[in-house]
*Asks:* 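Supplied in structure tokens, the structure appears directly below.
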Amino acid sequence: MTPPSDRRFESRQPANTRGVVVAPGLELPCLIIDQSQAGLRLRLDRGFALPSRIIVIDLARGMAIEADLAWNKGLEVGLKQAGQASLRGL
């Protein structure tokens, strides 16, 4: 199987939902632009150097998504999803 031109094996779904990036000493609002089973693309409200492992809180779905930084281009970042957990009921 040849990978798609954007190097993804899974299709991305538009999300356009608010989120919060969380890491030790960091809480930063973001917009989740799109996502797939393997990762997400975020737009940050301001330029910031993120650590290699972060948690993204998807406010609409009530999910905490653990992710590794794949790339960073200006205000947009690409993340590889490492796991997720529901925040419902907390």
Side-chain angles (χ1 to χ4, degrees):
M1 177 179 180
T2 12
S5 61
D6 66 359
R7 301 184 312 203
R8 286 173 186 77
F9 289 99
E10 299 172 358
S11 64
R12 292 181 288 174
Q13 301 300 318
N16 291 318
T17 185
R18 297 303 295 173
V20 179
V21 173
V22 179
L26 175 68
E27 189 174 307
L28 184 66
C30 68
L31 178 68
I32 302 169
I33 298 171
D34 58 42
Q35 59 190 80
S36 69
Q37 287 292 102
L40 338 140
R41 182 168 52 129
L42 307 179
R43 181 171 297 125
L44 304 176
D45 287 349
R46 64 177 192 257
F48 201 87
L50 296 177
S52 60
R53 169 91 25 132
I54 61 172
I55 296 175
V56 177
I57 307 299
D58 182 333
L59 298 173
R61 294 188 313 142
M63 298 294 290
I65 304 162
E66 190 173 7
D68 295 314
L69 185 64
W71 54 265
N72 186 345
K73 295 178 185 170
L75 296 179
E76 288 192 3
V77 296
L79 304 170
K80 183 175 180 181
Q81 186 171 314
Q84 64 180 7
S86 175
L87 298 175
R88 301 279 183 213
L90 290 182

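In what follows, residues are counted from 1 in the order of the sequence shown.
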*Asks:* Tell me every residue that passes side chain to side chain contact (heavy atoms under 4.5 Å, CB included) with A70, counting only those two or more places apart in sequence or in another chain.
*Replies:* none

*Asks:* Among the clusters formed by ILVMFWY side chains lying less than 4.5 Å apart, do V56 and L26 turn up in the same one?
*Replies:*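 In one cluster with V56: L26, yes.
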
*Asks:* Looking at CD1 of I32 and CG of D58, how far apart are the two atoms once the value is rounded to the nearest 0.5 Å?
*Replies:* 4.0 Å

*Asks:* For D68, enumerate each residue passing the side chain to side chain donor-acceptor pair (under 3.5 Å) test, keeping only those at least two apart in sequence or located in another chain.
*Replies:* R53

*Asks:* From E66 CD over to Q84 CD, what is the distance, rounded to the nearest 0.5 angstrom?
*Replies:* 11.0 Å

*Asks:* Do I55 and V20 belong together in a cluster built from hydrophobic side chains that touch within less than 4.5 Å?
*Replies:*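 Hydrophobic grouping puts I55 with V20.
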
*Asks:* Are L50 and I65 co-members of a hydrophobic cluster defined by side-chain heavy atoms under 4.5 Å apart?
*Replies:* yes

*Asks:* Can you list every pair that meets side chain to side chain donor-acceptor pair (under 3.5 Å) and has a residue in residues 14-25, with sequence neighbours left out?
*Replies:*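 Applying side chain to side chain donor-acceptor pair (under 3.5 Å) to every pair that reaches into residues 14-25, excluding sequence neighbours, yields R18-D45.
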
*Asks:* Return the minimal non-hydrogen interatomic distance between L40 and Q35, and the atom names on each side.
*Replies:*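 Heavy atoms only, the tightest pair is CD2-CB, 3.7 Å.
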
*Asks:* Name all residues meeting the side chain to side chain donor-acceptor pair (under 3.5 Å) criterion together with E27; count only those two or more places apart in sequence or in a different chain, and write none if there are none.
*Replies:*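 None.
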
*Asks:* Within the side chain of R88, is there an N or O that forms a donor-acceptor pair under 3.5 Å with the backbone of R61?
*Replies:* yes

*Asks:* Please report the closest heavy-atom contact between A67 and L79, naming both atoms and the distance.
*Replies:*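 Minimum heavy-atom separation between A67 and L79: CB-CB, 3.8 Å.
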
*Asks:* Taking all non-hydrogen atoms of both residues, which atom of L75 and which atom of G47 are closest, and how far apart?
*Replies:* CD2-N, 3.2 Å

*Asks:* Rounded to the nearest 0.5 Å, how far apart are CD1 of I54 and SG of C30?
*Replies:* 7.5 Å

*Asks:* Which heavy atom of L28 sits nearest a heavy atom of F48, and at what distance?
*Replies:*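 In terms of heavy atoms, the two residues are closest at CD2-CB, 3.9 Å.
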
*Asks:* Taking all atoms of both residues into account, what is the closest heavy-atom pair of I33 and L42, and its distance?
*Replies:* CD1-C, 4.0 Å

*Asks:* For residues 75-86, pull every pair meeting salt bridge (charged side-chain N to carboxylate O under 4.0 Å, His left out), keeping only residues two or more places apart or in separate chains.
*Replies:*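 Qualifying pairs, neighbours excluded: R41-E76, R43-E76.
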
*Asks:* To the nearest 0.5 Å, how far apart are CG in L87 and CE in M63?
*Replies:* 7.5 Å

